2 protein chains.
Amino acid sequence: MKGYLWTGGDPGSQSTVAPPDNGRLAPWEAIAVEAVGNVIEFWGFKRNQGRVWGLLYLRGEPLTAGEIERELDLSKGGVSMLLRDLERWGVIQRVRVPQDTVWRYAAETDLVRMVTHVVEEREAAFVTRIRADLSEARRLAEAVGGVPPERLRKLERMATLAEHVERALRLFIKTSRLDVAGVLGAFRDGALGRKGER
Amino acid sequence: MKGYLWTGGDPGSQSTVAPPDNGRLAPWEAIAVEAVGNVIEFWGFKRNQGRVWGLLYLRGEPLTAGEIERELDLSKGGVSMLLRDLERWGVIQRVRVPQDTVWRYAAETDLVRMVTHVVEEREAAFVTRIRADLSEARRLAEAVGGVPPERLRKLERMATLAEHVERALRLFIKTSRLDVAGVLGAFRDGALGRKGER
DNA sequence: CATATAGTTCAAGACCGCGTGAACTGCACC
DNA sequence: GGTGCAGTTCACGCGGTCTTGAACTATATG
């Protein structure tokens, strides 16, 4: 987790194709970055985590924290924390340009995989907990006695419902994984001329 | 939306089977109610909406706003608003006991259907919006010109990815519906000896 | 009509998560 | 050692959401 060397295109070319890092995003970039932010927020992460990843992905070349700070209008501290989260999840990579002292960050293409993974864990743990609660309730209800059987049946039904939802959820994640996998192939080869290996 | 008459079991029986409405939930009830609250919150609704529905469902017989207020330790105003939401969504029903002046509220069994429905709408609208944003970004990028083609391709890939996610999502909702439908049958007949007919 | 109780509405406040910015650490270069 | 910059940490404040509680309306009862 110490970062890698960045051996991308020559530094001179960066100013020829696009506003280099004059501080303000191109409108189309802003829209796309915002879109990623919305998606990521929708899935329960921080909007800015998505914006940072989106920017890095769109640019294709590694950016410094300072550049990110300017482009997305975030604070120094904020960027630091966001980058740390993203790096820990393996969706960005810390790279060092030879004979330059600052770290740069590049987008991995694993964002989708990460999202499905985290969501999977979250939902699974959640549904499991619910089922545990419900059976605990049922146990207690039986223990105290005097609870009319039709109420016990209600508890049981809620539990089986939870089970079914759980199964549907797992199925979703699996198919979604499969469905997305195909796209990911094409997705990946456009990011950096290199592939993730975690 | 004016409510229906409640012609359930005789009023005398209510005090024989369980703590009638002494103000505090039985422990097993509390757990179950809380579980429903958690689920509902998980899906983006208010926790207390779930708790109210859960209580009504578990009790099986219609409760007054005052009873709900005491059992769940909520404020008068809060209960009023929660009930209004739930009623508007068709997951509870307002009933009137003959020759009694207060409204009572009974759980419908459509909670699951409502959740899937709302979630479906929400996600669908969301994903659609994302796709629109992305193609807008692409349009703008092409319009300004000078944007390197590999960046345009990135935008395209993000859009197709969104499409695939959308498809997976729809599939999930459909199968989940189907999967849950079976349970719903059993689920339903235990709530009230009556079916919704809105 | 007066009174009491059920029900609604809404401004004020509690609460919570996120980002900020300042203080701090670490490192390179002079 | 000192200066400057990259990067980290964290107490605080802002903005949002949810709940409360009090004022208000509606409705039944004598």
Side-chain angles (χ1 to χ4, degrees), chain A residues 1-3 6 21 33-34 37-38 40-56 62-88 92-106 122, chain B residues 1-3 5-6 21 33-34 36-38 40-53 55-56 62-89 92-106 122:
Chain A
M1 216 259 202
K2 220 48 209 319
W6 168 246
D21 53 287
V33 162
E34 231 49 54
N38 287 334
I40 234 55
E41 183 181 32
F42 189 76
W43 290 108
F45 302 86
K46 297 189 201 169
R47 144 182 237 85
N48 280 332
Q49 287 165 350
R51 296 210 310 147
V52 169
W53 184 90
L55 177 65
L56 292 178
L63 301 184
T64 68
E67 284 162 349
I68 296 171
E69 193 184 327
R70 259 171 282 132
E71 299 286 18
L72 301 184
D73 194 36
L74 294 170
S75 70
K76 200 157 105 101
V79 170
S80 173
M81 292 165 68
L82 294 171
L83 288 174
R84 199 152 53 75
D85 294 338
L86 293 173
E87 192 188 1
R88 200 178 46 226
I92 66 173
Q93 222 169 3
R94 194 184 271 239
V95 299
R96 182 83 86 175
V97 174
Q99 69 212 41
D100 192 347
T101 171
V102 303
W103 284 110
R104 289 168 186 274
Y105 301 87
R122 211 159 50 194
Chain B
M1 183 48 83
K2 219 50 209 315
L5 283 185
W6 167 247
D21 53 288
V33 162
E34 230 51 52
V36 179
N38 288 334
I40 234 54
E41 183 180 32
F42 189 76
W43 289 108
F45 302 87
K46 297 190 202 170
R47 144 182 236 88
N48 280 332
Q49 288 166 350
R51 298 209 310 148
V52 169
W53 185 90
L55 177 67
L56 293 177
L63 301 184
T64 68
E67 285 162 349
I68 296 171
E69 193 184 326
R70 259 171 281 131
E71 299 287 17
L72 300 184
D73 193 37
L74 295 170
S75 70
K76 198 158 105 102
V79 170
S80 173
M81 293 165 72
L82 293 171
L83 288 175
R84 199 150 54 75
D85 294 338
L86 293 173
E87 193 188 359
R88 200 178 44 227
W89 295 332
I92 67 172
Q93 223 170 2
R94 193 185 272 241
V95 299
R96 182 82 87 175
V97 174
Q99 70 214 39
D100 193 347
T101 173
V102 303
W103 285 109
R104 287 167 188 277
Y105 302 86
R122 212 159 49 195

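Just so we're clear, the structure is a prediction, and the values are computed from it rather than from any experiment. Reminder, nothing fancy here: chain letters follow the sequence lines and each chain counts from 1.
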Inset, instruction - Taking all heavy atoms of B:Trp43 and all of B:Arg122, pick out the closest pair and write down the distance. - result: O-NH2, 2.5 Å
Inset, instruction - Could you list the residues that satisfy side-chain hydrogen bond (donor to acceptor under 3.5 Å, both in side chains) with B:Arg47, not counting sequence neighbours? - result: B:Asn38, B:Glu41
Legend entry - pair B:Val33-B:Glu71: side-chain heavy atoms closer than 4.5 Å: no
Legend entry - Nucleotide interval of DNA chain D bounded by contacts with chain A (heavy-atom cut-off, under 4.0 Å): D:dA6 to D:dC10
Legend entry - Reading 5' to 3' through nucleotides 1-23 of chain C, protein heavy-atom contacts under 4.0 Å coded B for base, S for sugar-phosphate only, - for none: -----SBBBB--------SBB--
Inset, instruction - Grab the two heavy atoms, one from A:Glu87 and one from A:Ile92, that are nearest each other, plus how far apart they are. - result: N-CG1, 3.6 Å
Inset, instruction - Report yes or no: does B:Arg94 contribute a side-chain atom to a donor-acceptor pair with the main-chain N or O of B:Arg104 at less than 3.5 Å? - result: no
Legend entry - A:Gln99 CD to C:dC29 P, straight-line distance once rounded to whole Å: 11 Å
Legend entry - Nearest atoms (heavy-atom pairs only) where B:Val79 meets B:Glu69: CG2-CA, 3.9 Å
Legend entry - Spacing of A:Asn48 atom CG and A:Asp85 atom CG [to the nearest 0.5 Å]: 11.0 Å
Legend entry - Ring center gap for A:Phe45 and A:Trp53 short of 6.0 angstrom: no
